[in-house]
Amino acid sequence: MNDDERGGLVGHSVAPRLRQARLAIIGFGCNQAFLFAMLYLGSYNEGSQHGFFVDRADLLCVLVAMAATFALMMRARPRAVLMAGAEKLAACLAVPLCAVLFALVALRAALPGVPWLAFAVIEGVVAGVPLALLLCLWGRVLGEVSIDQSVPEVFIGSALGAAVCFLVMAVPVAGAYVVLYALPVGSAWALRALSAVPAGGQTRPADAAGAQAPRTSGASSVPDAAGAAPSEEAAKLSGRIVAGTVVYGVATGAVEALAASAEYSAHASLSVTFALFVLYCVAALQLYGGRPLSAGVRAVLPGGNGAEVGPLGGAYRLALLLMVGGFVAVPLLESVGVSGVSVVLAGYLGIFSVLISLFLIMGRIAGRDSVRSFARGFAALFSGEIAGVLLGGAIGAVPGTFDVSAALVAAAGVAVMYAYLFLFTERDMAALSVVVAQTDRFEEACARIAKASKLSKREAEILPLALRGRTAERIAGEFFISKNTVDTHLRRIYAKCGVHTRQELIDLAERTEGELS
């Protein structure tokens with residue numbers, strides 16, 4: 001192949017990738033802006049009635065609806081039903097959702113006598129459930145490209161969403177934030193357009209010959225140098241990520257309980273939050289400077305020996321620094337008219353973006369689409385936020401003359417430091433890169449075996465499961481086919497690979513992985 005032909009192929013593959021990246025950034029940005037609007041720009045501060053649950057009704061209802069939806073998504077059968085509904089939501093460009101939301105806004109203005117909580121519950125369910133479904137769809141779409149591409153898309157899209165919220169808040173019109181309720185249309189449009197992007201826009205790992213690695217359902221069962229199975233290490237790290245996510249959620253919920261009060265809900269404070277978050281995203285993206293994006297996940301995570309932080313580790317540290325800085329500087333900032341809570345929330349949005357990236361990486365390690373890892377992570381995060389908001393209410397209800405704001409900030413600060421120091425640390429981020437490297441070798445070995453043995457598409461999909469010792473019944477359940485069909489595929493795999501037993505097939509995979517190492 002001459003240089004001109006090679007250049008033509010590169011140009012042909014780059015164009016779909018750039019289109020995919022633009023659509024993902026715009027669509028995910030619309031989704032993030034809508035999420036920020038539902039959580040932070042609700043109408044809780046516009047009524048004449050006040051009280052803990054009245055001021056936080058919109059926030060709590062949206063969080064409960066989203067947490068419940070994500071919890072259902074963790075089970076296979078409900079997930080299949082809900083994802084079918086999500087695809088229909090994207091297909092109709094979410095127009096019915098937007099129409100219902102605007103109708104609720106009009107009814108709330110026209111019927112001031114209706115209890116505030118009734119509208120909050122209805123709006124929470126109407127917006128929270130579709131928002132969770134759209135997030136899961138974005139998890140699937142972002143999980144289908146390489147991590148070195150999807151992680152920057154998460155940060156750029158989130159910054160775009162925050163910038164949109166900031167600009168809408170700058171409009172000197174009361175209730176201008178309701179225009180953000182139309183953004184699900186943009187999110188659904190991008191999802192629909194992405195489904196039409198040619199396969200060249202997809203950038204899942206490929207071997208040296210350019211063959212796309214088959215998606216697997218877990219990490220390799222071949223022990224690493226330390227003798228621990230990567231799948232066990234991955235499960236341990238996943239548990240630590242989820243535990244840290246819950247604690248971050250509790251800390252943020254406690255701060256949100258304070259931010260949702262009449263005292264802290266001024267647009268000026270939220271404007272500071274969004275402006276700081278945009279600056280944070282710009283700083284986080286600068287960490288990618290000079291890194292070879294072709295290195296995949298390892299261009300995002302730190303080195304396994306802990307020698308470098310890595311862009312995502314640096315973004316994690318930067319977000320934590322911003323969040324803790326807000327906690328420490330609350331009294332100082334408020335003395336100059338700036339809410340320290342707004343700085344804390346900006347740091348939380350940074351951690352939120354890091355967590356989304358980690359959910360994508362855990363889905364990558366698990367080898368399935370990222371819907372399940374998204375559902376598990378967001379269920380933990382929003383459940384923690386609900387607990388934090390309720391904790392804030394409980395602290396506020398304690399009789400006494402102590403400063404409730406100071407108590408909430410102190411409790412949230414302790415929780416954040418505990419999560420960073422003892423739950424999911426930068427050392428765990430480095431360990432995660434080792435698991436990813438092992439997963440990469442396993443997937444590349446599967447791709448090489450499939451190519452060399454000329455396996456069919458279905459046989460290439462079954463190969464990784466067979467290598468990890470899955471029974472024929474288990475494999476049949478994975479692909480919704482009969483056990484006899486699986487047995488037939490396995491016999492063909494053995495014949496094409498020149499082996500006679502499952503153990504000989506595993507030995508072949510181990511030799512291939514050794515060559516790749």
Side-chain angles (χ1 to χ4, degrees), residues 17-18 20-36 39 70 131-132 134-165 183 186-187 190-191 194 201-204 241 244-245 248 274 276-289 291 293 296-301 310-320 322 346-365 369-371 373-378 381-382 424 429 432-433 436:
R17 176 170 178 170
L18 290 176
Q20 187 278 339
R22 294 190 188 103
L23 288 171
I25 290 170
I26 293 172
F28 190 68
C30 289
N31 208 74
Q32 290 293 82
F34 180 60
L35 174 63
F36 298 155
L39 293 181
F70 284 123
L131 183 51
L134 287 172
L135 267 174
C136 284
L137 278 179
W138 279 109
R140 172 171 292 174
V141 168
L142 293 171
E144 287 179 347
V145 299
S146 59
I147 295 296
D148 62 279
Q149 180 179 345
S150 61
V151 170
E153 288 172 359
V154 166
F155 280 94
I156 298 172
S158 298
L160 177 62
V164 169
C165 290
L183 289 178
S187 176
L191 286 168
L194 282 166
Q202 303 303 318
T203 55
R204 286 201 294 265
I241 290 174
T245 297
Y248 282 126
F274 292 129
L276 285 176
F277 176 60
V278 171
L279 293 175
Y280 160 82
C281 289
V282 172
L285 289 167
Q286 292 298 314
L287 298 173
Y288 283 82
R291 293 183 180 272
L293 295 183
V297 186
R298 280 164 285 181
V300 175
L301 292 168
L312 193 57
Y316 183 42
R317 179 186 294 177
L318 184 61
L320 187 81
L322 183 60
Y348 163 70
L349 293 181
I351 290 178
F352 182 76
S353 300
V354 172
L355 290 175
I356 292 176
S357 304
L358 289 174
F359 300 158
L360 288 171
I361 291 172
M362 295 312 300
R364 165 82 171 83
I365 291 174
D369 69 30
S370 299
V371 171
S373 62
F374 255 50
R376 184 186 183 196
F378 281 122
L381 180 64
F382 292 132
F424 187 71
M429 194 84 76
L432 188 60
S433 71
V436 167

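For clarity, every value in this text was computed on a predicted model and none was experimentally measured.
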Ignoring hydrogens and angles, write down the donor-acceptor pairs under 3.5 Å from the side chains of residues 351-363, residues two or more places apart or on other chains.
residue : atom : partner : partner atom : Å
Ser353  : OG   : Leu349  : O            : 3.2
Ser357  : OG   : Ser353  : O            : 3.1

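Nearest heavy-atom pair, Ala315 versus Phe155, reported as atom, atom and distance to 0.1 Å: CB-CZ, 3.9 Å. A pairwise comparison of heavy atoms in Phe277 and Ala162 identifies CD2-CB, 3.4 Å as the closest pair. Residue Leu194 comes nearest to Trp138 through the heavy atom pair CD1-CZ3, 3.7 Å, listed as atom of the first residue, atom of the second, then distance. Closest approach of Ala163 to Val278, counting heavy atoms only: N-CG2, 3.8 Å. Across all their heavy atoms, Val145 and Ser150 have their closest contact at CG2-CB, 3.7 Å. Closest approach of Ala33 to Leu183, counting heavy atoms only: CB-CD1, 3.3 Å.
The distance from the CD1 atom of Ile25 to the CD atom of Gln20 is 9.0 Å, given to the nearest 0.5 Å. One finds the CD1 atom of Ile156 at 5.0 Å from the CG atom of Leu285 (value rounded to the nearest 0.5 Å). Interatomic distance, SG of Cys165 versus CD of Gln32, reported as 9.5 Å (0.5 Å rounding). For the atom pair CG (Asn31) and OG (Ser187), the distance works out to 3.5 Å, reported to the nearest 0.5 Å. Expressed to the nearest 0.5 Å, how far CZ of Arg140 lies from CG of Leu191 amounts to 11.0 Å. Of the inter-residue distances, the one linking Cys281 atom SG with Leu276 atom CG reads 11.0 Å to the nearest 0.5 angstrom.
Using a 30° and 60° split on the angle between ring planes, Phe36 and Phe274 fall in the tilted class, from 30° to 60°.
Under the side chain to side chain donor-acceptor pair (under 3.5 Å) criterion, Tyr348 pairs with Glu385, not counting sequence neighbours.
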- Message: I'd like to know whether Tyr248 forms a side-chain contact (heavy atoms from CB on, under 4.5 Å) with Leu320, so could you lay out the CA-CA distance, the side-chain angles of the two residues, the decisive distance to 0.1 Å, and finally the verdict.
- Response: CA-CA 10 Å; Tyr248 282 126; Leu320 187 81; 3.8 Å; yes

- Task: Walk me through it: do Phe70 and Cys136 pass the test side-chain contact (heavy atoms from CB on, under 4.5 Å)?
- Result: CA-CA 9 Å; Phe70 284 123; Cys136 284; 3.5 Å; yes

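Partner Phe34 forms a side chain to side chain contact (heavy atoms under 4.5 Å, CB included) with one of Leu134, Leu131, Val164 and no other, that one being Leu131.
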